[in-house]
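Structure, as structure tokens:
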Amino acid sequence: GKEDVGTTPLFIIIGAQKAGTTNLRHNLLSHPSLAGSRTETHFFDWHFPAAGEGGDADDATTAIAEGGGAAAALRAYSRRLLQGRAGLVRAASDVRRVARGRAFVFDTSPSYYLIPAAAARAAALRPRARLVLLVRDPVERYFSAAHMVTCWNATVGLPTEAFHATGGAAARAAEFAAAYNASDADGCMGLPLRGGRCQWGAFTGNALARGLYADALRRWLRAFPARNVLVVDSARYFRATQAVLDEVLAFLGLPPH
């Protein structure tokens with residue numbers, strides 16, 4: 001409906017973690033035509049609504065795709081975008097700009113690109129959305145993520161060695177041979193089930209898994225046309241930030257800023 005035009009995203013930054021998504025989000029939020037949560041929204045992975053009593057988020061995806069439940073899901077998404085995580089309410093001026101049609105919101109959640117369900121959910125709810133994916137040299141991205149996770153584990157009291165499973169290189173190779181499986185795009189990618197649900201945390205929390213760009217991008221291209229997807233080289237973005245920002249804005253149909 002009319003109320004959803006500004007309050008659901010013009011575009012979604014779907015990844016990748018440690019590739020510059022936070023920097024890109026902050027730069028885009030300076031544009032007078034854009035607004036959104038200053039934190040990761042995580043609507044399509046953590047907070048997608050269930051389909052009624054006894055249902056789950058995947059049931060809701062099917063219902064939306066078949067023409068039901070979209071209005072309630074859009075309202076939940078709008079609240080998430082304008083409120084952000086942990087009740088971090090956006091500036092009242094931003095909310096007013098969106099309500100008056102003077103700004104469009106966007107979503108940034110770098111775990112989206114890795115999770116097959118997120119692509120299906122986004123396509124069911126916002127099939128015309130534009131998608132931006134930043135990619136970074138996989139080795140550089142891996143060590144950056146390893147450093148972040150190790151520091152986080154130390155902060156919350158987890159053993160730093162929990163970043164990797166024990167068993168050496170052979171065990172790691174076997175683990176990722178199971179996970180890196182394009183033919184299982186709609187399944188759990190070799191991950192364990194719990195209560196009938198894929199345990200995505202075991203994959204998205206792993207720095208090596210997050211650098212497997214090719215299969216993840218294929219899944220999103222099954223859900224969205226290629227013309228709706230912009231892949232940005234993170235190294236080039238940081239070398240020529242303004243030029244790349246202008247390219248992103250042109251992709252979105254917005255003037256440079």
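By convention here, the first residue in the shown sequence is residue 1. Keep in mind the model is a prediction, meaning the values are calculated, not measured.
For the pair Arg25 and Phe106, the NZ or CZ position fails the cation-pi test of under 6.0 Å to the six-membered ring centre and within 45 degrees of the ring normal.
Side-chain contact check for Asp45 and His42: at least one donor-acceptor pair (N or O, by modelled atom type) lies under 3.5 Å. With no hydrogens or angles considered, no side-chain donor-acceptor pair links Tyr142 and Asp137 at under 3.5 Å.
Note that CG of Leu252 and NE2 of His31 are 9.0 Å apart. Values are rounded to the nearest 0.5 Å. Rounding to the nearest 0.5 Å places CD1 of Ile12 at 9.0 Å from CZ of Arg126. Taking CG of Leu114 as the reference point, atom OH of Tyr213 lies at 11.0 Å (rounded to 0.5 Å). The distance from atom OG1 of Thr22 to atom CG of Asn27, rounded to the nearest 0.5 Å, is 11.0 Å. Distance check: Thr41 OG1 to Ile13 CD1 gives 10.0 Å after rounding to the nearest 0.5 Å. Atoms CZ and CD1, from Arg130 and Ile14 in turn, are 14.0 Å apart once rounded to the nearest 0.5 Å.
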Assess whether side-chain contact (heavy atoms from CB on, under 4.5 Å) is satisfied between Val132 and Val232, documenting all intermediate values. CA-CA 7 Å; Val132 178; Val232 175; 4.1 Å; yes
ring-ring contact (aromatic ring centres under 6.0 Å, His included) assessment of Tyr112 paired with Phe43: CA-CA 9 Å; Tyr112 285 168; Phe43 181 76; 8.5 Å; no
side-chain contact (heavy atoms from CB on, under 4.5 Å) for Val135 and Leu217? Distances and angles first, verdict last. CA-CA 11 Å; Val135 294; Leu217 186 56; over 6 Å; no
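A side-chain donor-acceptor contact under 3.5 Å links Arg141 to the backbone of Gln17. Remark: side-chain polar atoms of Ser78 are paired, donor with acceptor, to backbone N or O of Leu74 under 3.5 angstrom. Under the 3.5 Å distance criterion, the side-chain polar atoms of Arg121 are left unmatched by any main-chain donor or acceptor of Phe48. Remark: the backbone N or O of Arg136 is not paired with any side-chain donor or acceptor of Ser234 at under 3.5 angstrom. Of the possible polar contacts, one joining the Thr241 side chain to the Tyr237 backbone as a donor-acceptor pair under 3.5 Å is found. Side chain of Gln242 to main chain of His257: a donor-acceptor pair is present (N/O by atom type, distance under 3.5 Å, no hydrogens or angles). For the pair Asn228 (side chain) and Ala129 (backbone), a donor-acceptor distance under 3.5 Å is present.
Here the closest heavy-atom approach between residue Ala35 and residue Ala103 is recorded as CB-CB, 4.3 Å. Considering all non-hydrogen atoms of both residues, Arg219 and Ala119 come closest at O-CB, 4.3 Å.
Side-chain rings of Tyr77 and Phe44 approach one another, their centers coming within less than 6.0 Å.
The side-chain contact (heavy atoms from CB on, under 4.5 Å) test with Thr108 singles out one residue from Leu29, Leu28, Leu24, Thr21, and that residue is Thr21.
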